[in-house]
Number of protein chains: 2
Amino acid sequence: MSTRREAVKQALNEASGFRSAQDLYADLRAEGSKIGLTTVYRALQALSDSGEVDVLRTGEGEAVYRACASDAHHHHLVCRGCGRAVEVEGPAVEKWAEAVGAKHGFTEVTHTVEVFGTCADCSARAN
Amino acid sequence: MSTRREAVKQALNEASGFRSAQDLYADLRAEGSKIGLTTVYRALQALSDSGEVDVLRTGEGEAVYRACASDAHHHHLVCRGCGRAVEVEGPAVEKWAEAVGAKHGFTEVTHTVEVFGTCADCSARAN
DNA sequence: GCCGAAAACGAAAATGATTGTCAAAATAGC
DNA sequence: GCTATTTTGACAATCATTTTCGTTTTCGGC
C-alpha cells in the first residue's frame with residue numbers, strides 16, 4: 001500500500017463519522033498534504049474494494065466512506081447532525097432479510113440497512 | 001396535477017420495478033410522448049415530495065423511483081437482474097431500528113432497508 | 001549508489017446525472 | 001377572445017466522479 005493510500009486511510013481513521021471523498025481531500029490539503037483529488041478517489045476505491053472501509057450513499061447521491069473497527073458484517077447508526085456513526089449489528093435483521101428473500105424465491109440475497117437519528121449531543125445543542 | 005405529471009406517474013405504474021428518470025424519459029419518448037427530460041425530473045421530484053412514489057439510490061448513485069401499492073411504511077426486495085421489486089414489511093426490523101437508536105441515545109430515528117437478490121426467473125435464465 | 005520497468009500521481013479534460021434559466025406554449029379566469 | 005399564471009422543454013450550468021496521459025516515484029536488481 002502506497003504512502004498516499006496510507007494517508008487517506010489515516011484521515012478516515014481520525015474522522016469519527018462518514019466523510020465524502022471531497023471532504024477527505026479538503027482535510028488532507030488543510031493539513032499540508034499535496035495530494036491530488038484523483039488519488040483520493042483512487043485510494044478510497046481501493047480501500048473499499050479490499051473491504052477496509054464501508055461506503056454508502058447520502059440522499060443526494062454523494063458517496064461517503066468510513067473506516068470501521070470491525071471487519072465483520074455490520075450496520076451503522078448515523079447522526080444526522082454531526083455525522084458521527086456507531087457500528088451496530090442485528091442478527092434479527094440478517095435472518096429476516098434472508099427469510100424474506102427465500103420466501104419470494106430470491107437467491108444470493110444481500111441487504112443494506114442504515115439507521116439515522118439525532119445523537120444526544122446534537123439534540124442538546126439544538127435547544 | 002398536470003397532464004404531464006399524470007403521464008409520468010402512469011409510466012411508473014406500468015413498470016414492475018424501480019426505474020430511473022432517464023429510463024422513464026426513454027419509455028415516454030418511445031411511446032410517442034413529446035415530453036422533455038426536465039419535466040420528467042420535475043414530475044418525479046413532485047411525486048416523491050408528496051409521497052406518491054418511493055425513491056432509492058443505486059450503487060452507482062443514480063436515483064430510481066417506484067410507484068408503490070401501499071402508502072404505509074414498507075421496504076423492497078429488488079431483483080438485481082430485472083429490477084422487479086416486491087413490497088415487503090418487517091415489523092421486527094422497525095422495532096430493532098428503534099431500539100438500537102434508543103440504546104445509543106439517538107432520537108428521531110429513521111431507517112432505510114433494501115434487500116437485493118436474484119429472482120427465480122432470473123436465476124433460471126442464467127442457466 | 002545507479003538503472004530501467006512498473007506502479008502511483010496529479011492536472012486537466014471528459015462524463016453523466018441532475019438542476020437552473022428563460023422564453024414559448026398551455027390553461028385558467030374573466 | 002384576451003390577459004395572467006402555470007407548466008413545459010431546449011439548452012446551459014453544476015457537481016461528483018472517472019478517464020486520460022504525461023510525469024514522478026518506488027523498487028528490485030546490479
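Just so we're on the same page: letters track the sequence lines, and every chain starts at 1.
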J.: In whole Å, what is the span from the OH atom of Tyr25(B) to the C1' atom of dT19(C)?
T.: 16 Å
J.: Tyr41(A) OH to dC15(D) P: how many Å, rounded?
T.: 13 Å
J.: Given the rule that I, L, V, M, F, W and Y join up when any side-chain heavy atoms are under 4.5 Å apart, are Leu24(B) and Val55(B) in one cluster?
T.: yes
J.: Could you tell me whether the phosphate oxygens of dT17(D), OP1 or OP2, come under 4.0 Å of any side-chain nitrogen or oxygen in Gln45(A)?
T.: no
J.: Hey, is the side chain of Thr38(B) pairing donor to acceptor with the base of dA10(D) inside 3.5 Å?
T.: yes
J.: Of the nucleotides dG9(D), dT17(D), dG10(C), which has the atom closest to the Leu37(A) side chain?
T.: dT17(D)
J.: NZ of Lys34(A) versus P of dA8(C): gap in Å, rounded?
T.: 22 Å
J.: Tell me the interatomic distance from Glu62(B), atom CD, to dT18(D), atom C1', rounded to whole angstroms.
T.: 16 Å
J.: Using a 4.0 Å heavy-atom cut-off, does Gln22(A) contact any base of the nucleic acid, only the sugar-phosphate backbone, or nothing at all?
T.: base
J.: Would you say Arg5(B) reaches dT8(D)'s phosphate, i.e. side-chain N/O to OP1/OP2 under 4.0 Å?
T.: no
J.: Report yes if a side-chain nitrogen or oxygen of Thr39(A) is closer than 4.0 Å to either non-bridging phosphate oxygen (OP1 or OP2) of dC9(C); otherwise report no.
T.: no
J.: Less than 4.5 Å apart, side chain to side chain, heavy atoms only: is that true for Leu37(B) and Gln22(B)?
T.: yes
J.: Roughly how many Å is it from CZ in Arg4(B) to P in dA25(C), rounded to a whole number?
T.: 14 Å
J.: What does Glu60(B) touch in the nucleic acid at a heavy-atom separation under 4.0 angstrom: a base, only the sugar-phosphate, or nothing?
T.: nothing
J.: Need to verify one output field. Residue with the more 5' nearest nucleotide on DNA chain C, Gly36(A) or Ala63(B)?
T.: Gly36(A)
J.: Ignoring hydrogens and angles, answer whether the base of dG10(C) and the side-chain atoms of Arg42(A) contain a donor-acceptor pair closer than 3.5 Å.
T.: yes
J.: Just say parallel, tilted or perpendicular for the rings of His73(B) and His111(B), cut-offs at 30° and 60°.
T.: perpendicular
J.: Tell me: CD1 of Ile35(B) to P of dA25(C), nearest whole Å?
T.: 18 Å
J.: Which one of Val115(A), Thr112(A), Val88(A) satisfies the side-chain contact (heavy atoms from CB on, under 4.5 Å) criterion with His75(A)?
T.: Val88(A)
J.: Please report, rounded to the nearest Å, how far the P atom of dT18(C) is from the CG atom of Asp23(B).
T.: 10 Å
J.: Is there side-chain contact between Tyr65(B) and Val8(B), with at least one heavy-atom pair below 4.5 Å?
T.: no
J.: Would you kindly give the CG-to-P distance between Asp49(B) and dT19(C), to the nearest whole Å?
T.: 11 Å
